[in-house]
> 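There's a structure below that I have some questions on.
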Amino acid sequence: MSGEHYLIIGNGPAGREAAITLREKAPQSRVTVISKENVRCYQPHLLPQFIAGQVSEEELFTLPFSFFKERDIKLRLGQCVVDVDFHKSQVTMAHKEIIPYTGLIIAVGGTPRIPERCHRYRDRMLTLKTLTDARMWAEKLQKVSSALIVGGDLTSFALTRTLLAMGKRVSFLLNEESLWPVRCDDQVFREARVKLEQGGVEALRGTIQDIVRRSETSLEVTVDNKTFETGIVGAFYGLRPDVGFLAGSGLTIERGILVDEYLKTEVDNVYAAGDCAQVYHPGLKDYWVSIGYGNAENLGRIAASNLMGEKTPVETPQESILCAEGVRVNTSWWLEF
Amino acid sequence: MKTPARELAAKVKSIHDSHIFSVRSDELPTWCPGCGYFGIHFGINNAIQRLELPHHEVMIVSGIGCAGRYPFFSGTYGLHTVHGRSLPVATGVKLANPGLTVLAVGGDGDGLGIGGGHLPHAARRDININYILFDNSIYGLTKGQPSPSSPIGMKTKASPLGTIDKPLNGSLMALSYGATFVARLFAGDPESIADALMEGINHPGFAFFHIYSTCVTFDKQFKTWDNLKSRTHPLPESHDPQDYKQAINEVLADDYSMGVLYHAKPVAQ
Amino acid sequence: MREQSDYPAQDGKSELKVVKQVSYSTDPADFHYMTVNVPCQNACPAATNIPAYIRTLFEERYSRSYELNRIANIFPGVLGRVCSRPCEDQCRHGEPELGRPVNICHIKRAAADYRREGHIYMERLFAPLGKSVAIIGAGPSGLAAAHDLSTIGFKVVMFEAFDQPGGMLRYGIPEFRLPRDVLQAEIDSILRLGVTLHTGRRIGADVRMEDLLRDYDAVLAATGCYTSIPLGVPGEDLPGVYAGLEFMIDVTSGKAPRVGEKALVVGAGFTAFDCARSALRLGAREVSICLRRTEEDLRVTRDEILEAKREGISIKSLMLSQRIVGQGRAQGVEFVRTRPESVRADGKREIAPIQGSEFMEPCDTVIVATGQRSTPFDAPGEKDRHGILTPLGARGARTSVPGLYVAGDYATGPSTVIQAVAQGRRAAEVIAEDLTGGTRRQKAVRMEDTTITDRSRSWDYIQRQEMPTVAPMAKRLGSADIEVETGYERDAAHEESKRCYLCYLHYEIDMDRCIYCRYCIDVAPRDCIKLVESVETNEAGAIVGYKETTSWRRVNAVMIDNARCIRCGECARVCPVDCISVTKVELVERLSMEGGQ
Amino acid sequence: MAGIDLTVEVCGMSGDGTIAAGGILNEAMSRQGYSALAFDSYPAEIRGFGRCVTRSRFGDRPKLALTDRTNALISLDDEQSRSRIPFLAEDAVVLFDDKPPSYVEENKSIAAHVEPTMTLYGAPFADLAAKAAGSARGRNLTALGVFAAVFGASPDVFREVITGKFAPKGEKVLRANLKSFDAGYEYALETFSKRLLNTAPPLRRTDGSRKVLTSGNTAIAEGALAAGVKLYFGYPITPATPIMEYLAKKLPERGGRVTQMEDEISSIGAVLGAFFAGTRAMTATSGPGFALMTELITHGVMSETPAVIIDAQRAGPSTGLPTKTEQSDLQAAVFGGPGDSPRIVIAPTDVAECFHYTAKAFQLAEKYQTPVIVLTDFFLDNRVENIEPPALEPEDARDGNIYPDASAKGAYRRYELTDSGISPRAVPGMEGFMFAATGLEHVERGTPDYTPANHMAMSQKRYRKIRSALADLPAPEEYAETGPLDVGVISWGSTFGAALEAVQDAQARGIRVGALKITSIYPYHEDVIRTFMRRCRKILIPELNFEGQLSGLIGHLDGTEIVRLTMATGVPMAPSVILKKIFEIVGEKAA
């Protein structure tokens, strides 16, 4: 065992792939994966099917624990990083343990983003990111027949498909915050409305003013002074990188951790991959957060290789084409809906 | 009052450079934080250093009990014997190698209880052993039973109604057994302990040090820091340590006067 | 300097009974101690004695608490609202494991809110010196200088360009943030010291520098920064484009500038936020703040950002304006994306535009709040390329012209109110020295024996009391002069004051009496008491580091690390040999009645 | 294993309140109707010296052994608890304080050591307690609160128990502790969604009756009290001290007293004196103290004076491992001391038996005029079981002394040679039967005599007397179907519980195996044991000592091969160890 210790924060597809890659490329080093969630790594993109009951919980999971034990990859599950010191190259855990590293890969993924103006009634909206969220949806859906989707990102469209398949009534509220990570202008909105309505979804435009809980199964929503009733409100304003613990640490964070095309942050031995990494995309003329399972895995591998001294760039898909969830997706990807 | 920052730093440096603590071992003492034994330890430490005794020529023999652990925390030769038998072992050591400075240490249970039978004989023999009695009037290691020197009425789990047996007075015993050097001291006053030890170690015969200490864990009633601090006081100016009767009378008259009670003139051989 | 305290032998207890022991030190080592151990006071440019005023507020002596502020920072009521709070970033309670910083600023405001009706701070005035000083500019810095100079005995005359005093406080800060009566009251408490104020008199135009230099023993220029820095992009002259500062001056002096539907604010400082929030109150439906960097890099407080967003303002990152477009009036701004480059030595991060990433943000109003710089006026002496007098000397108050001094934003460029105040006071100090050949105020470390604090450990777990704000947006935006922050209830203030660790209390173990029993360590709330082998010192001779050890033979001292200590008092309560003392240590200014020495 | 079988550990530094927490946990779980078997191992060391671990096994049916796999670990001190990880089940849950007083370097936290298959439940024990009660002292109860919430146990029962324990210490202390508990409970409720064990059956009894949580030591003391003991002489020694402490509280209420003597030598002396004068007395000690007593014990044998001695075995030799368990005093108890000195030695196997055998010891001592040694061990003394409140068997209450017949007045022969070997014994105060007892060899009247024939005759008498005691001693119990067996497991003392569990487990798997419980160590029932041995292909004797002291005692009885399963580890033997050995033996046959 050499003194090197490679640390990966996050046990999602990106983190997992990064760990495996590091183990291959640095057989002598210690490799540790830290994850907030206390479950084996699963396939988040299957969650909508899971909610619909088309996929069982077992099928969500990918590799068994033994896989990591055999490769001597240390898993710290259910544990949380609260601070990173890039000068000392060490992380501080919530339980106050201090762990030094030689190289760090941040692959914490994202948490659902809720715009400040919605904070007042956030507790009346459901999000969908983790297995726990999914269980919540499944449970709620037993009782209600209609749902309102606000915001609207990739997941929301997948979920909408599911909901329709389950025979639920779905309304979809669009506004400038919608269709993250893409900006939603008028033209985009028109396209989206058409697509949705073809799919049998009621598409609205406007901003939520208030949500009031009427009963266990009924919410009263006010949009631009018009009030109507629905069973669930699902918030899909995209993801915020789950990097609260990096505040003030010196890394640039906007919607994600800004990295160059080699996924390196401003700090030499620190890389970011997956939903929490933000790379400039010439097509969008904006920074974009790579979404989707396949991408995440891929970025994980790249980050790991580059941390080990290679120089593999992420190829940003040409103008108007992002690949996510295996679906061919472009800057108007909801057209696939 | 706050020490000015500059003085404070200088102070630490001077202690550091004095190497005063080099006679300790590396082991952090396992006595409860706040234990009086730390004060005694500090006193013994200073005495050995000020007498400039070579550490390898110092031997500490102990019995069982909290005090019995002393040798582990001392950087000298040490022997942790069985319960109550430290004095016989120490006697053997001293007779085998008169060149050593021998300290026998033990608690009140060890020295006045199970080993109580040994004290008179050690005193009678008057071999140059320095017997330091850590007297906190309780069994600490077995988690708080009354000891031979517990005051009447001490309530412990083993004496729920309070002890009814009279406590032994180590100093008086030693005097009556004919010990030729008897000092009574307080763990909270390490300086006096050091002074008395320096005098007693140089005394050619058996020296008995009766040190009042505390058990912060099991005695919240009698030998507490507050009680001992407020009650103990130095021997009267007029006290003449060479006067055996005066020593006896002092001990009979006052339980809390601290200092060298008796120091017999060496008998010309 | 320092009286020796002699402990009664043996019985340590009575140490706490000895009559009040006070001593003063001017040893650099002790000043260093203050910087490390009372982080809040050290962070405050005006060196406000924060623990002391929080403690007095806790004792519900609101007026006294106010005074302790007033002594140092002149504008407690104002700063209790608009201070940039460098102290809170340093508050020990904010250390990761300890929770969130004490809400120092809002406690200050509470002291102001609840002090005695008609409470007046009794100044210590000196006999008139028969010398006079002219101060140009009645902003925070000028007023602070005026205060100090007149207490020392100078005749002070002020010239203010606007028709009311206060400078940026009045013309830069909107009313919903700082009510005018509060401001006026605190300005009056300075003017009442016999300061003569001429308003509507602009240097250069209405007053001539050479006259002043002739008529007065000294002249202090504190004219501030009133020249907006333009973006320097095409289209900036279009109607609908405002310079941030002018915009604010219009707003605050009652002439509401016209804003349209969709306003873009370019800039990242408090001014940008004030403009944005004001624009909203002037009827704009959609307001965005456009940043070259990201939210992370903003220098405004977290609450500020949150409030702004609550009001519906959106913050857009990583965009650099290229040009303002429009026929007849502004209709949009073209931006280019930026990318952060590696961090520079000075900690700042380079921002570089990305080629070919131009995009358009439509709008009808553009407010350029990218900063302002000092306004030049004609005066003799060395100047920089903008025509601004160059400050000389360590305290940056003198100029190349004898008798002419500078202070505040004029001298330093845009800064915070508290810095301006500190600046003004430092300038006053320099002027007094030059004119009297001596100093009236001397900084010293005051040490006073005290008994153990009555703080309870459970207070350390009290949640930070948040500042209540006007909740319904409609009400809030209804009129421009509704103060958004409504101030603490008495209870909240008292609750918050409990949270202060009182870092001005110094705990110390007397090595001569310690028996190394480690009782204190056993009860310590965190690793604040150490088994020390040796200490590192700095050139001043102060302790800057501890070498700890767990080897018994190497434990030379048991020491309290006051930089870790949270002053809970447990150690002093349990020490069997009473060798732990508590001392109140404060950084104070001593007044010497006789002029120089 | 079917049903509920949950082993919980609380681990901390002595001083963390580990033992107290374990006690409350046991009582609370017991009151909820679970069977409970708990064993704390803590150092008789100074605070700050050692690790404290309480292990409790809860189930829906009684268990007599501890398993070697723990399902839940409550860590009050990570440094200490780390060492427990290897003993955890793969799917164990670990509760720990995730806000220690200071930052620690990598691997100093228990979080660094748990397997990914395990579940971590971090809660700021100390902070919560400090916040709720103003001091972190109650953090052990906070930990219990978290446990209760995580395992879906009834908080009310916990509060009930805490109240019972702390109410005597005053309102302030009680409130502080309840607050600390609630703080943990509420924190966990809102922090952790998962509920383990919430399948708990409604085991709580409705008829108001309740099993009582009893330690071996308490049972021994209660047994003695039931048998009417009047005097206790003792000297503090781990693990026997609690017996003295318990009696110190109870005896005065019954007109008796506890006298703490200056050492074991004087303790046993005083006991002999008291019995000589016709009063029931006892002492309890452990190996080192027992060794000091042996001379006086043989004096009791020689002078035919009754005495009751509890030897609470701990790991030896010498001071040994004072806080570790072992069964290595057997031979010392049976043979220890100068000369041929037969005495009665019995050894209970569980807490209930501790009660009954101690009570019986007085009866036997009086009737057979001999020191009776009750052999227990650290594991048996300090473990806690919830048992039905034990009731005394009537004959044990009777005065067991056999007094001389009035006709003998004037011609009383204290050591009269009889068929049973028992000679009627007079006690001081009885008119006309005066005699002198001595440690010297003596003739029937008691006067010293060294002639060869007499010493031979008297030796025979003393052995004859002890053999005849077999009639009153509990016979071995057999747990096996009839017919030949592949393995016969013979065990004694605290190890028997594990042996029985292993045997039942093996039987369930269809192996022909049986168990024999031996509680009468000396004298022992030769015939019963021999008959059992003859049925077995091999005999397995598991015991907690290095040599196999029971094997040494009874191994020769029959030709059957004896397999010794011995362990000198200081920790109780787990059923799995014995089961493994059984498999080995059976495997050999298959091969």
Side-chain angles (χ1 to χ4, degrees), chain B residues 1-43 45 55 72-75 186-193 213-214 216 224-226 228-230 232-234 258, chain C residues 2-5 10-13 15 21 23 25 27-33 445 447-449 506 508 510-523 531-537 540-543 546 550-557 559 574-578 581-585:
Chain B
M1 172 58 90
K2 177 184 188 304
T3 316
R6 185 187 304 279
E7 287 176 32
L8 192 64
K11 178 97 197 165
V12 184
K13 188 166 189 321
S14 70
I15 297 178
H16 177 272
D17 299 344
S18 72
H19 299 292
I20 182 75
F21 296 124
S22 60
V23 63
R24 288 175 181 163
S25 78
D26 280 326
E27 295 300 312
L28 281 180
T30 54
W31 297 318
C32 304
C35 182
Y37 291 4
F38 283 95
I40 306 176
H41 185 18
F42 192 43
N45 182 101
H55 298 168
F72 302 136
F73 315 137
S74 167
F186 167 40
D189 180 11
E191 271 313 298
S192 316
I193 294 177
S213 186
T214 61
V216 291
T224 62
W225 280 111
D226 286 346
L228 290 180
K229 273 185 292 188
S230 56
T232 55
H233 54 84
M258 301 281 139
Chain C
R2 157 188 171 80
E3 315 98 70
Q4 274 309 328
S5 69
Q10 293 310 317
D11 178 12
K13 272 264 174 293
E15 169 206 345
Q21 275 270 7
S23 71
S25 161
D27 183 333
D30 288 313
F31 284 121
H32 173 274
Y33 171 91
V445 176
M447 308 175 214
E448 174 190 330
D449 276 5
H506 164 88
E508 178 177 324
D510 176 355
M511 282 169 235
D512 296 329
R513 291 162 50 235
C514 173
I515 59 170
Y516 299 77
C517 74
R518 321 203 315 261
Y519 215 170
C520 47
I521 295 176
D522 193 44
V523 299
L531 296 178
V532 173
E533 176 172 357
S534 58
V535 294
E536 307 154 36
T537 53
I543 295 175
Y546 301 88
T550 53
S551 162
W552 186 224
R553 73 168 79 235
R554 292 188 175 73
V555 176
N556 288 311
M559 300 185 80
V574 298
C575 178
V577 290
D578 304 299
S581 62
V582 190
T583 315
K584 192 197 286 179
V585 188

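Reminder, nothing fancy here: chain letters follow the sequence lines and each chain counts from 1. The analysis underlying the following values was restricted to heavy atoms, covering all of them including side chains, and did not include hydrogens, waters or symmetry mates.
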> C:Y546 side chain to C:L531 main-chain N or O, any donor-acceptor pair under 3.5 Å?
no

> Below 4.5 Å, heavy atoms only, C-beta onward: do C:M559 and B:V12 meet side chain to side chain?
yes

> Is it the side chain or the backbone of C:V555 that comes within 4.5 Å of chain B heavy atoms, both, or neither?
both

> Can C:D30 and B:R6 be said to form a salt bridge (charged side-chain N to carboxylate O under 4.0 Å, His left out), step by step?
CA-CA 8 Å; C:D30 288 313; B:R6 185 187 304 279; over 6 Å; no

> By ring pair (Phe, Tyr, Trp, His ring centres under 6.0 Å), which residues pair with B:Y37, not counting sequence neighbours?
B:W31, B:F134

> Relative to chain B, which segment of C:E536 carries a heavy atom at a distance below 4.5 Å: side chain, backbone, both, or neither?
neither

> Of all residues at least two apart in sequence or in a different chain, which pass the side chain to side chain contact (heavy atoms under 4.5 Å, CB included) check with C:V574?
C:Y519, C:V523

> Applying side chain to side chain donor-acceptor pair (under 3.5 Å), can you list everything that pairs with B:R24, at least two apart in sequence or on another chain?
none

> With a 4.5 angstrom heavy-atom cut-off, could you sort out which part of C:C520 is near chain B: side chain, backbone, both or neither?
neither

> Under 4.5 Å, heavy atom to heavy atom: which of residues 13-20 of chain B reach chain C? Give them by number, or say none.
B:I15, B:H16

> Under 4.5 Å from any heavy atom of chain B, what part of C:Y33 do you find: side chain, backbone, both or neither?
side chain

> If you define the side chain from C-beta out and look only at heavy atoms, does anything of B:F186 sit under 4.5 Å from B:S192?
no

> What is the minimum heavy-atom distance between B:C35 and B:V216, and which atoms define it?
N-CG2, 4.1 Å

